[in-house]
> 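Before I ask anything, let me first share the structure, which is written out below as structure tokens.
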There are 2 protein chains.
Amino acid sequence: MQVSDPEVARLCEARQILNRVGDKWSIAVIYALDGATLRFTELRREVHGISQRMLTATLRTLERDGLVRRTVHPVVPPRVDYELTDLGNTLRGTVCTLMTWAVNHADDIAKARAEYDARPAS
Amino acid sequence: MQVSDPEVARLCEARQILNRVGDKWSIAVIYALDGATLRFTELRREVHGISQRMLTATLRTLERDGLVRRTVHPVVPPRVDYELTDLGNTLRGTVCTLMTWAVNHADDIAKARAEYDARPAS
DNA sequence: CTGCATCCACCCAGATACTG
DNA sequence: CAGTATCTGGGTGGATGCAG
């Protein structure tokens, strides 16, 4: 984008990162892995509504970004464990805070939306 | 989705909320409005790379969710100010934390990616 | 059990042009 | 200045079938 200001460049970079770690499923997965080691199927149950494809893709991205550790156990049937890395754990607190905020303010937002929708069309 | 467990229901609801307030442009806009009142064009400059269409849509959503207040001044030429509401301010801290995290760990993530990509294909 | 490959439908975001 | 309208391409996500 050819930006000279390094501050702007950092923010753009930060946005790209947030776009990845902050997307719908990533947050849910990080939240589910909060202090736990889970298998693929367990995660799929935990993260309600995620498809297998999206869970796989999300885990790959998180693994690639160094936030999640993937451990394959060479047994039959296959067993794969997922857990947060140290880097992932540094995100955990913020993600949990975000989740808590969303839960706590769900009513406020619902109310605001209702009022907005009830407003006379301008 | 017909979930009986209210805990799961709350988390799903929270995910939907996070999906809105946590998307790329919303975070950037909230971050830009941190303690400031900005006009449409000022925001467009501040949030580098956003298109006019996306800025409009993002602001509408944030306004509808009660996070941003939109003030139209009946003057010529038109002047519209945007600022965070009280509810929006409760999100500000977390969003800034998230931004800071992204900035601080950009290098770690870049490094993790490079290592991941350098790994022999399995 | 834990994936990957493929196909496909849909939404979103960007570009562009126009309006009050 | 602050939008709206429309078109369009690409990415995203679901469904399904197959494999190690």
> Measure CG/A:Leu59 against C1'/C:dC4 and give the value in whole Å, please.
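The answer, rounded to whole Å, is 14 Å.
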> Do B:Asp108 and A:Thr90 make a side-chain contact, defined as non-hydrogen atoms from C-beta onward lying under 4.5 Å apart?
no
> For the pair made of CE in B:Met54 and P in C:dC11, what is the distance, rounded to whole Å?
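Taking atom P of C:dC11 as the reference, CE of B:Met54 is at 14 Å.
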> Atom CH2 of B:Trp25 to atom P of C:dA13: distance rounded to whole Å?
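Spelled out: CH2 on B:Trp25 to P on C:dA13 is 9 Å.
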> Rounded to whole angstroms, how far apart are NZ on B:Lys24 and C1' on C:dG14?
11 Å
> Within the 4.5 Å heavy-atom criterion, are A:Arg69 and A:Leu84 side-chain neighbours or not?
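Sidechains of A:Leu84 and A:Arg69: no contact.
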> Short of 4.0 Å, heavy atom to strand atom, which residues of residues 36-43 of chain B count as contacting DNA chain D?
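Heavy-atom cutoff 4.0 Å gives B:Arg39, B:Phe40, B:Thr41.
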> Atom CZ of A:Arg44 to atom C1' of C:dC4: distance rounded to whole Å?
14 Å
> Please identify the 5'-most and 3'-most nucleotides of DNA chain D with any atom under 4.0 angstrom from a heavy atom of chain A.
D:dG13 to D:dG20
> Could I get the full list of side chain to side chain contact (heavy atoms under 4.5 Å, CB included) partners for B:Lys24, not counting sequence neighbours?
A:Arg15, A:Asn19
> Could you tell me whether A:Arg70 contacts a base, only the sugar-phosphate backbone, or nothing, with contacts defined as non-hydrogen atoms closer than 4.0 Å?
sugar-phosphate
> Can you find a heavy atom in the side chain of A:Arg70 that is under 4.5 Å from one in the side chain of A:Phe40?
no
> In whole angstroms, how far is the P atom of C:dC18 from the CD atom of B:Gln52?
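One finds 14 Å between P of C:dC18 and CD of B:Gln52, rounded.
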> Using the closest heavy atom to pick a nucleotide of DNA chain C for each, name whichever of A:Ala57 or A:Pro77 lands nearer the 5' end.
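Closest to the 5' end, via its nearest nucleotide, is A:Pro77.
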> At what distance, to the nearest 0.5 angstrom, does CD of B:Gln16 lie from CD1 of A:Ile109?
11.0 Å
> In whole angstrom, what separates A:Leu55's CG from C:dC1's C1'?
13 Å
> With a 4.5 Å limit on heavy-atom distance, are the side chains of A:Arg60 and B:Tyr116 in contact?
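Yes, side chains in contact.
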> I'd like to check A:Asp81 versus A:His73 (side-chain heavy atoms, cut-off strictly below 4.5 Å). Are they in contact?
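Yes - at least one pair of side-chain heavy atoms lies under 4.5 Å apart.
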> Thinking salt bridges, do B:Glu13 and B:Arg10 make one under a 4.0 Å N-O criterion?
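The answer is no: the pair does not qualify as a salt bridge.
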> Is there side-chain contact between B:Tyr82 and B:Val80, with at least one heavy-atom pair below 4.5 Å?
yes
> Please state how far atom CZ in B:Arg53 lies from atom C1' in C:dG14, giving the value in whole angstrom units.
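About 8 Å, once rounded to whole Å.
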